Amino acid sequence: MKTELRTNLKAIFGRAYVRLVGAHREPSWLASEALLPLLSTASFVYVYKALKAPEEYTGFVILGGAMTAYWINVLWSMAAQFYWEKEMGNLELYLVAPISRMAILLGMATGGFYLASTRAVFVFVVGSLIFKVNFVVISLGKLALIFFLTQVALYGLGMIFSSLFMLFGREAWHTTNLFQEPIYLLSGFFFPVKSLGFTIGLLASFIPLTLGLDGMRQLAFKGGKESGLLNVNLEIIALVILSIFFLIAAHYALKYMENMGKKEGRLTLRWQ
Amino acid sequence: MAFDRLKENLRTTRLAGKLGWAMEANWADPFLFAIYSIIRPIASSLILVFMYLVVTRGKTSFDLFAYIFLGNTFFMYVYNVLFGISWVIHEDREHYEMLRYIYIAPIRMYYYLFGRGIAKLITTTIAIIITLAFGMIVLKIPIDLLKVNYPLFFITLIVGLFVITCLGILLAGITMLTAHHSFALTEGLGGIFYLACGAIFQIDLLPNWLQYISKALPLTYWLELLRRSILGKSLSLTLAKYSNFQLLLIMLLTTALLALFSDYIYKLIEHVARKKGKIDQVINY
């Protein structure tokens, strides 16, 4: 039991390590991951300026722009990663190693979280400074809690996606793309999700970022509460439930998909 | 001799285009491809629509709405073609590991990349037509198809697509020297143009120093001329003082400069990449 735990911890560290080190070996990454994404976010700020929107909308956009980093990371570096690993021949090595698949994914998530956080922090801090965002934080504790729970639930969802992508062929590319802008829309990355209507907002809450963004906006901006979808406490409870559900579901989904992949001989199938 | 080379380059472009189309469309499930082609561009436009509606409290009758919608729709070409061409380097080098074989084939890489970009152009054109139809039918964007200045529209469109392809090739060169996170680089560079060219707002809102950069980019004039040809008017105070003809001339001039720059930089970077052994680099993180 102890040995198994140590092996899995090593697997987590090993998978995270390549991402942490890889990031620092590529200086171009700093520009492409940190500096340039700020510009797209700035464009959305200017749309609100063109429309003479209330001041808090600038903050909504900056926060949404920062949080896109995590969704992109979960999509491309978690969900689609098993597909890439399969294509590169790494997946079979993971499967024969005496480690949990969840450990590999947790390692990916840790390394990915670091990469995404660099981008998110840069967009958030620099964006807030440039556009002089005015924060009115109601509860810093709740804000931190909601951010943490959003990340747990989000990476849990990423693990479920990984199990699906493990069996995907060349359509993985289109599928990943399909989950980008439509989710930006449904989760209200650049506008309050309430404006999509209560029912759609509620359905979109299955994506942890919907509740996370809505809760953080309510806690960090002056007009946030009026544009909120649900009560913040309710959103925290929902995020706890989603976190537990996604992590358990990911465990079973990975097992199921791996078995199916073995039966159908799709785990080592490349370039198909 | 020159004719043979031209024939060879055209053949490379045509075959690379066919390969790109096969990889883009034929390799995917037709249903998934259809959904992907429809939902993604519409979702991208709807983000702006909701941003607009949430501030104007549901009113879509302002000129600015059509201005934002059209800019965002045509900007899809920039994102998709830039991404499509530069991604070829990553895909062929690290995924299919074919780049080295393409290099030793008797073709010119520049035309191969150009051809691969054509496939992206086709799929993006389909997405743009769908989005425009959605805008006109569902969102009631005031576009009168009988009043569109078609000669101006098509001349502008073709010149713009040439610019975007040149930019894509330039970016493909840069991708040769970077690791496989290059998609973020493409996204970021797309972001520069999205911001500086006023894709979704008037460039008048930008700080002065950024307006100078904006005026040096052919895509600023491209978007302005496309909007003028469709809507018949300009909302940008900075660009309103130029006639269509003047804008067209400036766009052609900046395009020519950018094309020369793209060609020079691409060749330079390619040389460095060969020297540093980056042509068959595989990074697995």
Side-chain angles (χ1 to χ4, degrees), chain A residues 18-19 21-23 25-26 28-29 31-44 46-54 57 61 72 76 84-85 87-88 90 111 115 119 169-171 173-175 177-178 180-186 188-192 194-196 227 271-272, chain B residues 23-24 27-29 32-33 35-37 39-48 50-56 62 64 67-68 87 91 94-96 174 177-196 198-202 204-206 235 282-285:
Chain A
V18 281
R19 287 195 169 172
V21 171
R25 281 194 185 154
E26 282 290 333
S28 60
W29 172 82
S32 58
E33 275 289 311
L35 178 66
L36 297 177
L38 177 66
L39 303 172
S40 301
T41 307
S43 301
F44 288 107
Y46 278 112
V47 171
Y48 278 133
K49 285 193 185 292
L51 291 167
K52 298 183 177 64
Y57 281 78
V61 167
I72 288 174
W76 293 97
W84 292 119
E85 304 280 11
E87 296 285 301
M88 289 184 290
N90 283 345
L115 295 174
R119 171 176 172 157
R170 294 182 292 220
E171 69 272 19
W173 168 255
H174 293 314
T175 313
N177 265 311
L178 198 57
Q180 207 159 307
E181 274 85 359
I183 299 299
Y184 289 170
L185 170 71
L186 283 175
F189 272 75
F190 301 106
F191 57 84
K194 196 182 175 183
S195 51
L196 288 174
S227 57
W271 303 323
Q272 295 293 314
Chain B
M23 291 170 79
E24 188 70 29
W27 286 7
D29 173 49
L32 177 73
F33 183 67
I35 292 180
Y36 163 79
S37 306
I39 290 186
R40 199 180 169 211
I42 289 181
S44 158
S45 296
L46 281 178
I47 291 172
L48 288 162
F50 276 98
M51 285 174 71
Y52 185 92
L53 293 179
V54 83
V55 177
T56 60
F62 304 114
L64 188 60
Y67 186 91
I68 293 173
W87 190 251
E91 205 168 41
E94 304 204 23
H95 189 189
Y96 297 112
I174 298 170
L177 298 181
T178 61
H180 81 170
H181 51 71
S182 56
F183 68 86
L185 187 70
T186 318
E187 186 204 347
L189 278 178
I192 293 180
F193 297 118
Y194 200 54
L195 175 71
I200 49 174
F201 54 86
Q202 308 94 312
D204 321 331
L205 292 167
L206 292 170
L235 284 189
V282 176
I283 297 162
N284 288 343
Y285 63 84

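Note that the structure is a prediction, hence the values are computed from the model and not measured. Here is how names work: the chains are called A, B, and so on, in the same order as the sequence lines, proteins then strands, and each is numbered from 1.
Pairing each heavy atom of Leu51(A) with each of Met51(B), the nearest pair is CD1-O, 4.0 Å. Between Gly191(B) and Ser40(A), the closest heavy-atom pair is CA-OG, 3.3 Å. Scanning all heavy atoms of the two residues, the minimum distance from Val54(B) to Ser195(A) falls at CG2-CB, 3.7 Å.
No other option in Tyr46(A), Tyr57(A), Tyr48(A), Phe190(A) has as many heavy-atom pairs under 4.5 Å with chain B as Tyr46(A).
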Atom pairs and distances, side-chain donor-acceptor, residues 39-48 of chain B, under 3.5 Å, sequence neighbours left out:
unit_1   : atom_1 : unit_2    : atom_2 : d
Arg40(B) : NE     : Glu181(A) : OE1    : 2.7
Arg40(B) : NH1    : Asn177(A) : OD1    : 3.4
Arg40(B) : NH2    : Glu181(A) : OE1    : 3.1
Arg40(B) : NH2    : Glu181(A) : OE2    : 3.4
Ser45(B) : OG     : Pro41(B)  : O      : 3.4

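No part of Ile183(A) comes within reach of chain B, as not one of its non-hydrogen atoms sits under 4.5 angstrom from that chain.
Using a 4.5 Å cut-off on side-chain heavy atoms (C-beta onward), Phe44(A) and Tyr194(B) make contact.
With rounding to the nearest 0.5 Å, the separation of CG in Leu185(A) from CZ in Phe50(B) is 6.5 Å.
For the side-chain contact (heavy atoms from CB on, under 4.5 Å) with Val47(A), the qualifying choice from Ile200(B), Leu64(B), Val55(B), Leu205(B) is Ile200(B), the only one to do so.
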